[in-house]
Chemist: 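The structure is given below, and queries will be raised subsequently.
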Amino acid sequence: MNPNRLERIVIIGGGTAGWMAAAALSRYLGHGNTDICLIESDEIGTIGVGEATIPPIRTFNGLLGIDESDFLRATRGTYKLGIEFVDWGRVGHRYFHPFGRYGRDIAGIDFHQLYLREQTRRSLPSIENFCMSAMAAKAGRFSQPAPTPEHPEYEFNYAYHFDASLYAAYLRRYSEHLGVRRLEGKVVDVVLDPVSGFVQAVQVAGAHRIEGELRIAFCVERSTSYDRNSFDHRGERSHDEVRDAHQSFDPDRCQGCASLDDDHRPKPGV
Ligand SMILES: Cc1cc2nc3c(=O)[nH]c(=O)nc-3n(C[C@H](O)[C@H](O)[C@H](O)COP(=O)(O)OP(=O)(O)OC[C@H]3O[C@@H](n4cnc5c(N)ncnc54)[C@H](O)[C@@H]3O)c2cc1C
């Protein structure tokens, strides 16, 4: 019997962050030994805006064993080959950050180093021309990367753009199937251990205290100015609005952290 084994995990918040944590923990710690409880408030709801991702999301979904087609259907997702930054460095400037590599390394030297050296000798086409993801994006094309390095498509990489609320709902189904318990309610207080100062339990309105050895909070107290209705038709906000929202946000009310009580901290040499 391992005395450091986690028996109860409490996750606060059921947006993408909370359900991603629940899915990963239930996949790898579940097996009926660890009780995982996720608390979320329907009254507060989730932010639920469109989610542009980067390629590690594929690794995450892969670790969960999620079928890509099923996931894309459920989240109304699409493939994404890079990120375009418009007016980023200066007005009129654009930069496309492709997912995937530029060209091929030669004798251990990165392609972009060779490109930059060659550029000092003669004029070269844009480096985008040497990137499969950039060129496919420009042409509005997509294919799965080749499985082996002999093919240029091997260097190709991608991510997704999907509906964040649907992703959270998808991972909720996944997690509940693996035994995660969902508790609807608003966390109104946290109980701290008088000695260590770590969070010992959380108090849910109208319910009992929920205790656990590991508590992870993914809930952010949103100011009223951070309301999704204040987004413009593109779902974007001005720099001033974002700055104001951050300034009115009280960090003491955000527990974007995990706390583990002393008995369950890794011990030196263990
Ligand atoms: C305009 C905009 C565009 C964005 N675009 C992108 C993007 O392209 N790519 C990207 O990766 N990210 C993007 N983000 C950020 C991303 O959407 C958010 O970081 C992410 O969706 C937040 O998920 P979350 O689970 O942390 O929070 P939320 O979805 O807000 O979920 C919070 C959860 O906590 C619960 N909760 C809160 N308080 C309590 C309480 N007291 N008791 C109980 N439960 C509580 C809520 O009920 C909810 O379940 C964008 C954000 C905005 C505003």
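Count residues from 1 along the sequence.
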Chemist: Report all side-chain donor-acceptor pairs from residues 135-143 shorter than 3.5 Å, counting only partners two or more places apart or in another chain.
Modeler:
none

Chemist: List the atom pairs, donor and acceptor, that lie under 3.5 Å between side-chain atoms in residues 184-195 and the rest of the protein, sequence neighbours left out.
Modeler:
{"residue": "E184", "atom": "OE2", "partner": "D42", "partner atom": "N", "Å": "2.6"}
{"residue": "D193", "atom": "OD1", "partner": "V195", "partner atom": "N", "Å": "2.7"}
{"residue": "D193", "atom": "OD1", "partner": "S196", "partner atom": "N", "Å": "2.9"}
{"residue": "D193", "atom": "OD2", "partner": "Q200", "partner atom": "NE2", "Å": "3.4"}

Chemist: Restricting to side chain to side chain contact (heavy atoms under 4.5 Å, CB included), what partner residues turn up for T78, sequence neighbours left out?
Modeler: H161
Chemist: Could you state the interatomic distance from CZ (R8) to CD1 (I36), rounded to the nearest 0.5 Å?
Modeler: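 Between R8 CZ and I36 CD1, I get 13.5 Å after rounding to 0.5 Å.
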Chemist: Is the count of non-hydrogen atoms from other residues, nucleotides or ligands lying under 6.0 Å from R76 atom CZ greater than 12?
Modeler: no
Chemist: Could you tell me whether the side chain of I11 reaches within less than 4.5 Å of the side chain of L25, counting heavy atoms only?
Modeler: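 SC-SC contact between L25 and I11 confirmed.
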Chemist: Tell me if a side-chain donor or acceptor on Y174 pairs with a main-chain N or O of S26 at a distance below 3.5 Å.
Modeler: no
Chemist: List for me each residue that meets side chain to side chain contact (heavy atoms under 4.5 Å, CB included) alongside Y102, sequence neighbours excluded, and say none if there are none.
Modeler: Y95, P98, F111, I127, C131
Chemist: Do any pairs count as a salt bridge (Lys or Arg N to Asp or Glu O under 4.0 Å) and have a residue in residues 161-177, sequence neighbours left out, and if so which ones?
Modeler: R172-E176
Chemist: Could you pull out all residues at least two apart from R209 that satisfy salt bridge (charged side-chain N to carboxylate O under 4.0 Å, His left out)?
Modeler: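 Residues passing salt bridge (charged side-chain N to carboxylate O under 4.0 Å, His left out) with R209: none at all.
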Chemist: Kindly compute the distance separating OH (Y28) from OG1 (T34), expressed to the nearest 0.5 Å.
Modeler: 15.0 Å
Chemist: Hey, what else clusters with I109 if you join Ile, Leu, Val, Met, Phe, Trp, Tyr whenever side-chain heavy atoms sit under 4.5 Å?
Modeler: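 Joined to I109, directly or through intermediates: I106, L114.
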Chemist: Spell out, yes or no, whether L64 and I9 are grouped together once hydrophobic residues are joined by side-chain heavy atoms under 4.5 Å, including indirect joins.
Modeler: yes
Chemist: Can you name the nearest heavy-atom pair linking A168 to T16, along with the distance?
Modeler: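 Shortest heavy-atom contact: CB-N, 4.0 Å.
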Chemist: Please verify the inter-ring angle class for F156 with Y158; under 30° counts as parallel, over 60° as perpendicular, anything in between as tilted.
Modeler: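 Geometry flag for Y158 against F156: tilted rings.
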Chemist: Using the rule that Ile, Leu, Val, Met, Phe, Trp and Tyr join whenever any side-chain heavy atoms are under 4.5 Å apart, tell me whether W19 and L29 fall into a single cluster.
Modeler: yes
Chemist: Just verifying a value: how many Å separate I210 CD1 and I12 CD1, rounded to the nearest 0.5 Å?
Modeler: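 These two atoms lie 9.5 Å from each other.
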Chemist: Would I66 and L171 count as a side chain to side chain contact (heavy atoms under 4.5 Å, CB included) if you check the C-alpha gap in whole Å, the side-chain angles of each, and the deciding distance to 0.1 Å?
Modeler: CA-CA 10 Å; I66 285 176; L171 293 181; 3.9 Å; yes
Chemist: Grab the two heavy atoms, one from A74 and one from Y170, that are nearest each other, plus how far apart they are.
Modeler: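 Shortest heavy-atom separation between A74 and Y170 comes out as CB-CD1, 3.3 Å.
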Chemist: Compile the donor-acceptor pairs under 3.5 Å between side chains in residues 53-62 and protein atoms, sequence neighbours left out, one pair per line.
Modeler:
{"residue": "T53", "atom": "OG1", "partner": "Y160", "partner atom": "N", "Å": "3.0"}
{"residue": "T53", "atom": "OG1", "partner": "Y160", "partner atom": "O", "Å": "2.5"}
{"residue": "R58", "atom": "NH1", "partner": "N157", "partner atom": "OD1", "Å": "2.6"}
{"residue": "N61", "atom": "OD1", "partner": "Y167", "partner atom": "OH", "Å": "2.8"}

Chemist: Does one hydrophobic cluster hold both L124 and F130, with members joined at side-chain heavy-atom distances below 4.5 Å?
Modeler: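 Shared cluster, yes.
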Chemist: What distance separates T75 OG1 from D70 CG, expressed to the nearest 0.5 Å?
Modeler: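 So the OG1 of T75 and the CG of D70 are separated by 9.5 Å.
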Chemist: Would you please name every residue forming a salt bridge (charged side-chain N to carboxylate O under 4.0 Å, His left out) with R73, sequence neighbours left out?
Modeler: none
Chemist: Could you measure the distance from the CD atom of Q119 to the NE2 atom of H112? Nearest 0.5 Å is fine.
Modeler: 12.5 Å
Chemist: Just list the side-chain donor-acceptor pairs under 3.5 Å for residues 147-154, sequence neighbours left out, or say none.
Modeler:
{"residue": "T148", "atom": "OG1", "partner": "E150", "partner atom": "OE1", "Å": "3.0"}

Chemist: Show every salt bridge (Lys or Arg N to Asp or Glu O under 4.0 Å) that has at least one partner inside residues 111-121, sequence neighbours left out.
Modeler: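 Residue pairs passing salt bridge (Lys or Arg N to Asp or Glu O under 4.0 Å), neighbours aside: E118-R121, E118-R122.
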Chemist: Going by side-chain hydrogen bond (donor to acceptor under 3.5 Å, both in side chains), name the pairs with one or both residues in residues 79-91, residues two or more places apart or in two chains.
Modeler: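 Residue pairs with at least one partner in residues 79-91: E84-R94.
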